[in-house]
Structures are given as structure tokens and as C-alpha cells.
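In what follows, chains carry the letters A, B, and so on, assigned in the order in which the sequence lines appear, proteins first and then strands, with residues in each chain numbered from 1.
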2 protein chains.
Amino acid sequence: MAHHNNGMTRDEKALMQALSRAISVVPRVLDADLQRDQQLPLTDYFALTYLSEAEGQRLRINEVATRLSMTISGATRTVNRLEALEFVARERSASDGRGADVVLTDVGLKRLKAAWPSHRDSARRRVLDRLDANELAVLTKALNSIGAEPDDFDSADCPPQS
Amino acid sequence: MAHHNNGMTRDEKALMQALSRAISVVPRVLDADLQRDQQLPLTDYFALTYLSEAEGQRLRINEVATRLSMTISGATRTVNRLEALEFVARERSASDGRGADVVLTDVGLKRLKAAWPSHRDSARRRVLDRLDANELAVLTKALNSIGAEPDDFDSADCPPQS
DNA sequence: AGAATTTACTTGACTGGGCAACTATAACAC
DNA sequence: GTGTTATAGTTGCCCAGTCAAGTAAATTCT
């Protein structure tokens with residue numbers, strides 16, 4: 001009967017639990033679906049997607065990192081993987097020799113196109129089909145405000161990523 | 001100008017992007033807040049919370065795993081960490097000698113109570129304050145349906161966790 | 001009761017991604 | 001131009017968590 005109160009309302013607690021569950025479950029099932037059907041990790045799939053949508057099918061590493069919500073070093077490793085599979089190539093930038101552009105190759109684009117249907121179906125089954133139009137709209141807006149940049153700075157130190 | 005269509009509507013794509021961003025960002029910021037203020041990883045905090053809410057402040061490993069949406073082996077390692085810190089103890093179950101109950105210790109409960117305010121504030125700042133009452137309700141419901149068990153079985157093999 | 005199966009973990013090997021330290025180029029100060 | 005600082009990536013080390021294989025207790029079959 002020990003009843004501990006952590007200072008949230010019942011509704012707030014319910015939200016936080018639903019959120020942490022979704023946060024654990026969703027990426028796992030989407031990744032598992034894609035790995036099973038296409039032997040392609042979800043992260044790599046997203047990276048290819050962002051490249052395919054980019055101007056000239058190319059992005060700087062740091063843009064890859066931003067889009068994947070990942071550190072630059074994480075993005076480096078992701079690009080390494082994709083490069084080993086020849087889905088992308090690094091091209092030393094003409095304008096800035098410090099880093100390279102990551103360019104989507106034909107092989108990479110083919111691979112992505114082959115994977116689309118699988119991911120689309122997976123997203124439908126796991127997520128989209130479970131929401132009505134109103135939920136979809138509200139959820140998108142809510143998740144966007146939640147995912148937005150911290151905007152805190154109440155505490156002094158703000159050492160960002162490496 | 002290359003315009004690739006992956007077979008989702010604009011709204012659906014927007015949702016999936018908002019979702020993957022939130023999925024990357026939320027756990028990272030909540031964990032970072034708690035680590036900074038309390039030197040306690042978010043996973044460990046949740047484990048302690050679930051134990052504190054459980055009947056007799058004790059859970060079987062597999063119940064810890066379920067609540068954390070983690071594999072049993074992941075839960076084993078989490079409990080190992082908490083045990084090393086003496087926040088929990090393993091007690092061989094009287095009724096079933098195959099595994100142990102995980103019991104919250106006084107030290108663990110104190111630690112949890114000390115961490116509550118920090119996590120509550122963090123959750124407020126990062127999540128709750130950014131939602132109005134309606135969004136909170138819709139979001140909770142939507143995330144719960146998304147996080148719910150797959151209910152698929154369209155494909156033959158369903159090898160669950162180890 | 002003894003054998004076979006199932007359950008409840010535990011453990012070893014591995015992977016993805018984070019952080020901090022490092023390298024190389026660029027930009028700025030003078 | 002040379003020295004200083006900032007920027008873009010890369011790399012070594014580490015940790016959390018997964019998977020597959022192993023162990024031990026419990027349950028079921030006969």
C-alpha cells in the first residue's frame with residue numbers, strides 16, 4: 001500500500017509513460033521490420049532518404065547529423081557504413097577542403113527505392129493506421145514542439161555536442 | 001529538382017519525421033538533465049520508480065524488463081548496476097527458485113526520492129509545459145495505441161525476445 | 001519417479017552511438 | 001604573411017542494450 005507521489009498529476013504520469021514506451025518500441029519495431037524485409041538498418045534508410053531529398057543528392061556530414069538528430073561523430077560512422085556498401089561516396093568539397101560532401105550513388109538510390117515499400121507498409125501498420133486524421137494533426141504538432149530545441153539556458157553551462 | 005515520392009502523403013511524412021525526431025531527442029535530454037543534476041541514468045531512475053510503485057517494492061526481473069520495454073537480458077544488466085549501488089537487492093524467490101525478486105532497498109528509495117524533483121522539473125520543461133490539456137489527452141491516447149503490441153503476425157516467423 | 005520440455009534468468013560476443021581528444025583546413029587579427 | 005582562433009571531420013574509448021547460447025529450477029509426460 002505504500003503510495004509514493006512524485007509530484008505529477010495522474011494524466012501527466014500517463015503521458016510520460018506512454019511517451020517512454022513509444023520511444024522504446026517504435027524505433028525497435030520499425031527497424032526490425034526493415035531489417036527483416038530489406039536487411040537495411042533504419043538509421044541507414046533515413047540517411048539515404050535525406051540524401052535523396054537533398055539538392056544534388058548531397059549533404060555535408062553535419063547536415064546528415066542534424067537531420068538524423070545525431071552527433072557528428074555518429075553521422076561519420078553512419079556514412080562510413082553506407083560508404084562501405086557503396087550507397088554513398090565522400091567527395092572533398094571544392095569550396096571547403098576541411099570536410100567532404102556525402103553524395104548518394106546510383107546503387108544507393110536503387111537500394112533506397114527498393115526499401116521504400118517495405119518501410120511505408122511498416123510505418124502504416126505500426127503507426128499511421130492507428131491514428132485518425134485529427135490525432136495525426138495534433139500528434140505532429142505536439143511532437144514537433146516537444147522535439148524542438150531545448151531553449152533552456154537556466155543553468156550556466158551549456159556544452160553542446162563534440 | 002529530383003523529386004522522389006516514397007508513397008506517403010505530406011502529412012504522413014511530417015508525422016513520421018516529427019516522431020523520429022522526438023524519439024531521438026526526448027530520451028537524450030531527459031537523461032542528460034538527470035545525469036547532470038543527479039548523476040542517475042534515466043533507465044535506472046525508471047527502474048527504481050517501477051519498483052517503488054510495485055506491491056512490496058519488489059518485481060521479478062521479467063516484470064522489470066516489461067515495464068522498461070527492454071529485453072530480459074537488458075533488465076538483468078540494469079539490475080546489476082542498481083545492485084552494485086545497493087539501490088536494490090536480489091532475493092531468491094521462495095515460490096520459484098529459478099530467478100530472484102528484485103527488491104528496492106531503503107538506500108534506493110532515498111535515492112529515488114532525491115531524484116524526483118529533478119526529473120519532474122525536467123519533464124515539465126521538456127515536455128509537459130509544451131502541451132495544452134487537449135494535446136496531452138490526444139497524445140497520450142495516440143502514443144498508447146502506437147506503443148501497443150504489434151498485433152501483426154502477417155509473416156510466418158515471430159521469434160520474440162531471447 | 002525419471003525423462004523431456006519449458007521457464008527464468010545469466011553471460012559472452014557484438015553493435016550503435018556518445019564524448020573527448022585530435023587533425024586539418026579556413027578565417028581573422030595584425 | 002604569420003600567428004591565433006574557429007570550424008569540419010575523424011578516431012579511440014566506453015557504455016547500454018541486443019542476440020544467441022548456456023544454466024538451473026520447475027513442470028509435464030509417461
Is [X] touching bases, backbone alone, or none of the nucleic acid, heavy atoms closer than 4.0 Å?
X	answer
B/Gly74	base
A/Asp96	sugar-phosphate
A/Ala75	nothing

Practice item. Decide side chain to side chain contact (heavy atoms under 4.5 Å, CB included) for A/Leu48 and A/Val88; before the verdict, give the C-alpha distance in whole Å, the side-chain angles of both, and the deciding distance to 0.1 Å. Key: CA-CA 8 Å; A/Leu48 293 177; A/Val88 306; 4.2 Å; yes
Practice item. Could you check B/Ile146 against A/Glu135 for side chain to side chain contact (heavy atoms under 4.5 Å, CB included), going step by step and ending with a plain yes or no? Key: CA-CA 11 Å; B/Ile146 289 175; A/Glu135 286 174 333; over 6 Å; no
Check your understanding: With side chains defined as the heavy atoms from C-beta onward, is the minimum distance between A/Arg81 and A/Leu85 less than 4.5 Å?
Key -> no
Point to revise | B/Arg90 side chain reached by B/Ile61 side chain, heavy atoms, under 4.5 Å | key: yes
Ignoring backbone atoms, establish whether [X] has a side-chain N or O less than 4.0 Å from OP1 or OP2 of [N].
X	N	value
A/Asn80	D/dT10	no
B/Thr78	D/dG17	yes
B/Asn62	C/dT7	no

Study note, to complete from the structure: Across all chains, not counting sequence neighbours, the side-chain contact (heavy atoms from CB on, under 4.5 Å) partners of B/Ala18 are A/Thr140, A/Leu143, A/Asn144
Report the nucleotide, chosen from [options], that has the shortest atom-to-atom distance to any side-chain atom of [X].
X	options	value
A/Met70	C/dA20, D/dG17, C/dG17	C/dG17
A/Arg98	D/dG9, D/dA8, C/dC9	D/dA8
B/Thr76	D/dT10, C/dC9, D/dC19	C/dC9
A/Ile72	D/dA8, C/dT7, D/dT10	D/dT10
B/Arg77	C/dG17, D/dT10, D/dT18	D/dT18
A/Arg60	C/dG12, D/dG9, C/dG18	D/dG9

Point to revise | Atom pair CG/CZ of B/Leu51 and B/Phe87 - distance to nearest 0.5 Å | key: 12.5 Å
Nearest whole Å is fine: how far is [N] [atom2] from [X] [atom1]?
X	N	atom1	atom2	value
A/Ile61	C/dG17	CD1	P	14 Å
B/Arg36	C/dC19	CZ	C1'	16 Å
A/Glu63	D/dG9	CD	C1'	14 Å
A/Leu30	C/dG16	CG	P	18 Å
B/Arg92	D/dA25	CZ	C1'	8 Å
B/Gln35	C/dG18	CD	C1'	12 Å
B/Glu83	C/dT10	CD	C1'	12 Å
A/Leu59	D/dA8	CG	P	14 Å

Check your understanding: Is any side-chain N or O of A/Ser73 under 3.5 Å from a base N or O of C/dC19, one able to act as donor and the other as acceptor?
Key -> yes
**Study point:** Close residues, residues 39-49 of chain A, relative to DNA chain C [heavy-atom separation under 4.0 Å]
**Key:** A/Thr43
Check your understanding: Listed by chain and number, what are the side chain to side chain donor-acceptor pair (under 3.5 Å) partners of B/Thr76, not counting sequence neighbours?
Key -> none
Check your understanding: Closer to the 5' end of DNA chain D via nearest nucleotide, is it A/Arg28 or A/Asp101?
Key -> A/Asp101
Practice item. Spell out, as yes or no, whether a donor-acceptor pair under 3.5 Å connects the side chain of B/Arg130 to the backbone of B/Arg125. Key: yes
